[in-house]
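The structure under discussion appears below in the form of structure tokens.
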Amino acid sequence: MNLLCELIEMVKVVSPDDGDVFGSLVLCGEDCNWDPVVFDMLIKAYVKANMIEQGFGTFRRSVEVGFVPSVVACNYLLNGLVKLRCVDRCWEVYEEMGRIGIHPNAYTFNMLINVLCKDQDVDKVNEFIEKMEEEGFDPDVVTYNTLINSYCRKGRLGDAFYLYKIMYRRGALPDLFSYTALMNGLCKEGKVREAHQLFHRMVHRGLSPDTMSYNTLICGYCKEGKMKESRSLLYEMIGNGVRPDSFTCRVVVEGYGKESKLLSALNLLSELERFEIPISPDIYEYLVVKLCEENRPFAAKSLLERISQYGYVPDIDVYNELLLSLCKCNYVAEALALKAEMVNKNIKPNIVTYRALIDCLCKIDKSMEGEYVMKEMVKFGVPPDTAICKALINGYCKEMDINRAESLLGFFAREFQIFDTESYNALVKVLSENADVATLMELQDRMQKELELQRKMPCVP
DNA sequence: TATTACACGA
């Protein structure tokens, strides 16, 4: 088996596109009489190497030369096809099995039932199962679990629990999968309490909950905003030696996030770190962004600095969130410093960065500084957009710097083909309130000429 | 030697 895997690896290296191991084996076989079982192994090896297409091809060609693959090889293949969602191919394999007399076993049926459950209605599945039972197949715990899961996903809890009861009678005792599926179904219906009761019953019956069953319940509590319960379950699981995974951490942190209890989330993460549970950078990033959204840019910044020590490198979007938050809270100096830091760290500020900065500067009557930033972005090859034009013109108008507003309007038109009616109207409005008609007419005249000049110019894409 | 499970809102 390992030898064959290596053989495939070799063929992949030598000729990745048309490494025809099967053909070579058949050719060699004429001289050295292979045990046909190598074809069986080849199918498995291909599936293991994630070369499902080749595995399927080998299956078909083996059958063509008269070899009958084992049911285990077929199951390997089916499993590979299911994972790639090649439903039609699954049924091709199944039909071929029937045609050449390979008897499907419980694994085969369970995988096929799973396929049916995923893309058919459950009643069709039951027809299939009845037919299988006539062929001597006895539904086992996996079959029941698959069905229970399918019912729960469709909100048919009554049917799911009916099967759960049947399981005892049929001697297929419910396992962790069964309970987790049922708890998940209950949680989806907003019945976390009942799910928790079921959890207790499960423990009482001697099953030890694993990460998945804890996660299901914790997730259910989080969805209902019951963070106290989530938290105590999290501690319970750690106490029982079940390690929280990235899903657990994320669900709880996001649960706190939804309740705007970011401090609790931060505290929890520190606790988890103390238990040496690895926290993925995504979770920290979520918190950083969330703190920004809740107008706590300094908390966000210090968190960012803390996790940077672990080697986390924020991307432009995270930086922008922080910068936007600083701007929104009117901490312009800090925002400008952050932009400088970005440049230092070789993270190029983009249009979003500049738009926020300019907008903020203009709003606090520092349009001149805004214009300075605008010039900088142009220098760095980031062209300004209409929003930036609006911000600057409105800013200058508010500061009654009509001349700069007008010349800037011309600049945007000339250099960047930005003709913003709103900005123009703002200028006209402030002028009409503060100047005589003649001045106004002169402005309109000049702008008109500017426009005509633009139209005559060749279009620059 | 194999089969079934937890959430994001695309």
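It should be emphasised that the depicted structure is a prediction, and the values quoted were computed from it without experimental measurement. Lettering of chains follows the sequences in order, A, B, ..., and the numbering in each one begins at 1.
If you check every strand for non-hydrogen atoms under 4.0 Å, V142(A) touches a base. Residue contacts shown for D210(A) include a base, since a base heavy atom lies under 4.0 Å away. Across all strands shown, N149(A) has heavy atoms under 4.0 Å from sugar-phosphate atoms exclusively, and none from any base. Nucleic acid contact for M111(A): sugar-phosphate only, since backbone atoms but no base atoms lie under 4.0 Å from a heavy atom of the residue.
Here the side chain of K44(A) is nearest to one of dA5(B), dA2(B), dT1(B), namely dT1(B). Distance from the side chain of N79(A) is smallest for dT3(B) among the nucleotides dC6(B), dA5(B), dT3(B). Checked against dA2(B), dA5(B), dA7(B), the side chain of K118(A) finds its nearest nucleotide in dA5(B). Listed candidates were dA7(B), dT1(B), dC6(B). Nearest to the side chain of T216(A) is dC6(B).
The CE-C1' distance, from M202(A) to dC6(B), rounds to 13 Å in whole Å. When rounded to the nearest whole Å, the span between CG of N215(A) and P of dC8(B) equals 14 Å. Separating the OH atom of Y221(A) from the C1' atom of dC6(B) is a distance of 16 Å, rounded to the nearest angstrom. Rounded to an integer number of Å, the gap from OH of Y94(A) to P of dA2(B) is 22 Å. Summarising the geometry, the separation between CD1 on I113(A) and C1' on dT4(B) is reported as 11 Å, rounded to the nearest angstrom. Whole-Å rounding puts the L147(A) CG to dT3(B) C1' distance at 13 Å. Between the OH atom of Y179(A) and the C1' atom of dA5(B) there is a distance of 15 Å, given to the nearest Å. Whole-Å rounding puts the L198(A) CG to dA5(B) P distance at 18 Å.
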Exercise for review: Check the pair R355(A), D385(A) against salt bridge (charged side-chain N to carboxylate O under 4.0 Å, His left out), reporting the backbone distance first and the verdict last.
Suggested key: CA-CA 8 Å; R355(A) 205 188 286 139; D385(A) 63 358; 2.9 Å; yes
Practice item. Applying salt bridge (charged side-chain N to carboxylate O under 4.0 Å, His left out), run through E376(A) and K339(A) and close with a yes or a no. Key: CA-CA 12 Å; E376(A) 183 194 291; K339(A) 186 213 63 180; 3.0 Å; yes
Exercise for review: Could you go through the side-chain hydrogen bond (donor to acceptor under 3.5 Å, both in side chains) check for N105(A) and N75(A) one step at a time?
Suggested key: CA-CA 9 Å; N105(A) 61 16; N75(A) 288 346; 3.1 Å; yes
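The base of dA5(B) does not come close enough to the side chain of N145(A) for any donor and acceptor atom to sit less than 3.5 Å apart.
Remark: K188(A) is in phosphate contact with dA7(B), judged by side-chain N or O atoms under 4.0 Å from OP1 or OP2. Proximity of R153(A) to the phosphate of dC6(B): a side-chain N or O atom is located under 4.0 Å from OP1 or OP2.
Applying the 6.0 Å contact sphere to OH of Y162(A) captures no more than 12 heavy atoms from other residues, nucleotides or ligands. Within 6.0 Å of CD on E422(A) lie no more than 12 heavy atoms contributed by other residues, nucleotides or ligands.
Once the 5.5 Å centre distance and the 30° plane angle are applied, the aromatic ring of Y107(A) is found stacked with the base of dA2(B).
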